[in-house]
2 protein chains.
Amino acid sequence: MEEPMYIKIHNQIKREIESHIYKVGSRIPSERQLALKFGVSRMTLRQAIKTLEDEGILEQRLGSGTYVANQKVQEKMSGIMSFTDITHANGQIPSSKLISYRVGKPSLSEMERLHLAKDQTILRMERIRYADNVPICYEVVTIPHKLILGMSKENISTHLYRTLEQNGYEIGRVTEHISAAIANENAARLLNAKKGEALITRLQVTELSSGEPFEYTRASYVADRFEFTFSK
Amino acid sequence: MEEPMYIKIHNQIKREIESHIYKVGSRIPSERQLALKFGVSRMTLRQAIKTLEDEGILEQRLGSGTYVANQKVQEKMSGIMSFTDITHANGQIPSSKLISYRVGKPSLSEMERLHLAKDQTILRMERIRYADNVPICYEVVTIPHKLILGMSKENISTHLYRTLEQNGYEIGRVTEHISAAIANENAARLLNAKKGEALITRLQVTELSSGEPFEYTRASYVADRFEFTFSK
DNA sequence: CAGTGGTCTAGACCACAAA
DNA sequence: TTGTGGTCTAGACCACTGA
């Protein structure tokens with residue numbers, strides 16, 4: 001027996017929800033019925049349900065039953081509001097321009113952050129993000145090439161996370177570092193700012209649920225035009 | 001029986017950890033021993049331990065035992081690690097110097113952020129924070145005077161949150177804005193930095209659980225010496 | 001009322017860690 | 001090898017929900 005029974009049951013119920021056999025908001029069979037169906041004790045069945053509850057997929061109501069939970073707010077990308085969220089919240093229209101997209105050898109910092117050997121290749125994308133057509137952010141995204149073999153440039157550059165999940169990867173921990181810097185000539189030109197202006201810098205490393213890092217992003221935001229907001 | 005047994009056991013173990021009967025990093029008795037001690041089945045005892053694990057208070061290691069987890073990051077102050085936490089994590093010693101502490105009239109921005117009428121007075125504190133005696137941060141904290149009547153300068157300036165809670169106030173939502181700026185002459189002097197250097201700026205408004213804002217902080221960090229880190 | 005989830009028992013066998 | 005946590009069983013009684 002490779003996996004524990006309650007994990008198998010967890011996966012099975014999750015599949016049934018994803019294939020809409022159990023619909024959002026509806027009640028699934030009772031613990032006793034499911035235990036019978038899967039041929040396990042009720043305690044074991046409860047263990048499976050508990051893990052689904054922890055993931056926000058199921059919701060139990062005392063005396064009433066177990067329900068498929070509504071989709072929760074995506075909290076995947078850390079406590080910070082994403083660029084798209086913030087611009088939308090401000091009534092602005094976000095857009096972005098891909099300025100490079102190349103496979104090549106990793107730099108030292110990329111090797112370190114992504115746990116790469118020096119013979120492994122990476123995909124590196126550069127992008128400018130805009131709010132109402134004003135440049136706000138310059139970002140460089142690096143991804144191990146082997147993770148995205150066979151995926152289209154279109155999918156990778158416009159919705160990387162969704163594309164990875166559709167290919168069976170699961171996103172795990174996200175770590176971010178935020179600091180500040182002075183705009184050099186290059187950044188000033190790309191962002192239509194002045195050399196010597198203040199930039200917010202952001203490093204982000206995203207891992208798969210296996211713990212393997214899959215994305216390393218370095219972004220610079222024009223401080224006059226952007227701020228990070230979060231509340232708790 | 002008011003509370004379930006596993007909650008009682010949870011509380012009891014938590015108390016024993018807080019009173020240092022079980023020390024941080026040390027192993028607590030095995031599940032079987034604790035079940036015997038509390039006169040419950042092992043499954044029930046495991047349920048108690050599971051809740052403590054979910055809170056990050058205990059940590060179980062297969063084949064080895066159950067351990068008191070290291071202190072987690074204070075989550076009170078939003079997802080960001082606090083200054084004290086970060087310096088500690090880096091093996092540095094945090095300290096701070098109060099450079100002013102005065103009651104007076106609020107500025108326009110203070111009136112707005114703290115929802116004050118213009119005849120209400122405020123307490124304004126300025127402080128420099130250090131890591132290993134290197135200045136890292138200059139911050140200005142403003143508090144409505146009426147909220148802290150009768151509290152000592154010592155208590156307010158060194159542990160404001162604890163003092164407020166001891167006086168019956170409950171801390172509510174925290175909102176932060178992070179951006180960047182260029183050091184002016186004054187900031188450079190206070191932080192032993194150069195004019196034109198990059199600073200991280202942080203605005204924070206903290207509310208009581210009633211929704212009334214009680215603290216407005218403006219802080220500037222020397223970007224070369226500090227970064228905000230958080231992960232999810 | 002009948003059915004549900006919440007709690008609890010007293011065992012059992014397993015895989016893993018440390019000695 | 002011994003002791004640990006991880007999993008699992010086949011019951012039980014309770015409090016709660018909803019008809």
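Lettering of chains follows the sequences in order, A, B, ..., and the numbering in each one begins at 1. Because the structure is a prediction, the values reported are computed rather than measured.
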Checklist entry - CG of B:L45 versus P of D:dG5: gap in Å, rounded? => result 9 Å
Checklist entry - Should A:R218 and A:E110 count as an ion pair when the cut-off is N to O under 4.0 Å? => result yes
Checklist entry - How about A:Y221 and A:F228: are their ring centres within less than 6.0 Å of each other? => result yes
Checklist entry - Any N or O donor-acceptor pair linking the side chain of A:R42 to the base of D:dG11 at under 3.5 Å? => result no
Checklist entry - Among the nucleotides C:dG6, D:dC8, D:dG6, which one has an atom lying closest to any side-chain atom of B:R46? => result D:dG6
Next on the checklist: Rounded to whole Å, please give me the gap between CE in A:M43 and P in D:dT9.
Outcome noted: 11 Å
Checklist entry - Charged N to carboxylate O under 4.0 angstrom, A:R42 versus A:E31? => result yes
Checklist entry - What's the CD-P distance between B:Q47 and C:dG6, to the nearest Å? => result 10 Å
Next on the checklist: How many whole angstroms separate atom CG of A:L36 from atom P of C:dG3?
Outcome noted: 15 Å
Checklist entry - How many Å lie between OH on A:Y6 and C1' on C:dC14, as a whole number? => result 14 Å
Checklist entry - Is the shortest side-chain N/O distance from A:T66 to OP1 or OP2 of C:dT4 below 4.0 Å? => result no
Checklist entry - Counting any heavy atom closer than 4.0 Å, what does A:Q33 reach on the DNA or RNA strands: base, sugar-phosphate only, or nothing? => result sugar-phosphate
Next on the checklist: Rounded to whole Å, how long is the line connecting atom CZ of B:R27 with atom P of D:dG3?
Outcome noted: 11 Å
Checklist entry - Within the structure, does a side-chain N or O atom of A:Q60 lie under 4.0 Å from either OP1 or OP2 of C:dG6? => result yes
Checklist entry - Once you round it to whole Å, what is the distance between P of D:dT7 and CZ of A:F38? => result 17 Å
Checklist entry - Do B:Y67 and B:E59 have side-chain atoms, one donor and one acceptor, less than 3.5 Å apart? => result no
Next on the checklist: I'd like to know if the side chain of B:S26 reaches the main chain of B:K23, judged simply by a donor and an acceptor atom lying under 3.5 Å from each other, with no hydrogens or angles considered.
Outcome noted: yes
Next on the checklist: For a quick test of reading the model: is some side-chain N or O of B:S30 closer than 4.0 Å to OP1 or OP2 of D:dT4?
Outcome noted: yes
Checklist entry - Rounded to the nearest Å, what distance is computed from the CD1 atom of residue A:I7 to the P atom of nucleotide D:dG6? => result 12 Å
Checklist entry - Closest nucleotide of DNA chain D for A:Y67 versus for A:S41: which of these residues is on the 5' side? => result A:S41
Checklist entry - Hey, is the side chain of B:R32 pairing donor to acceptor with the base of D:dG5 inside 3.5 Å? => result yes
Checklist entry - Is any side-chain nitrogen or oxygen of A:S64 closer than 4.0 Å to OP1 or OP2 of C:dG5? => result no
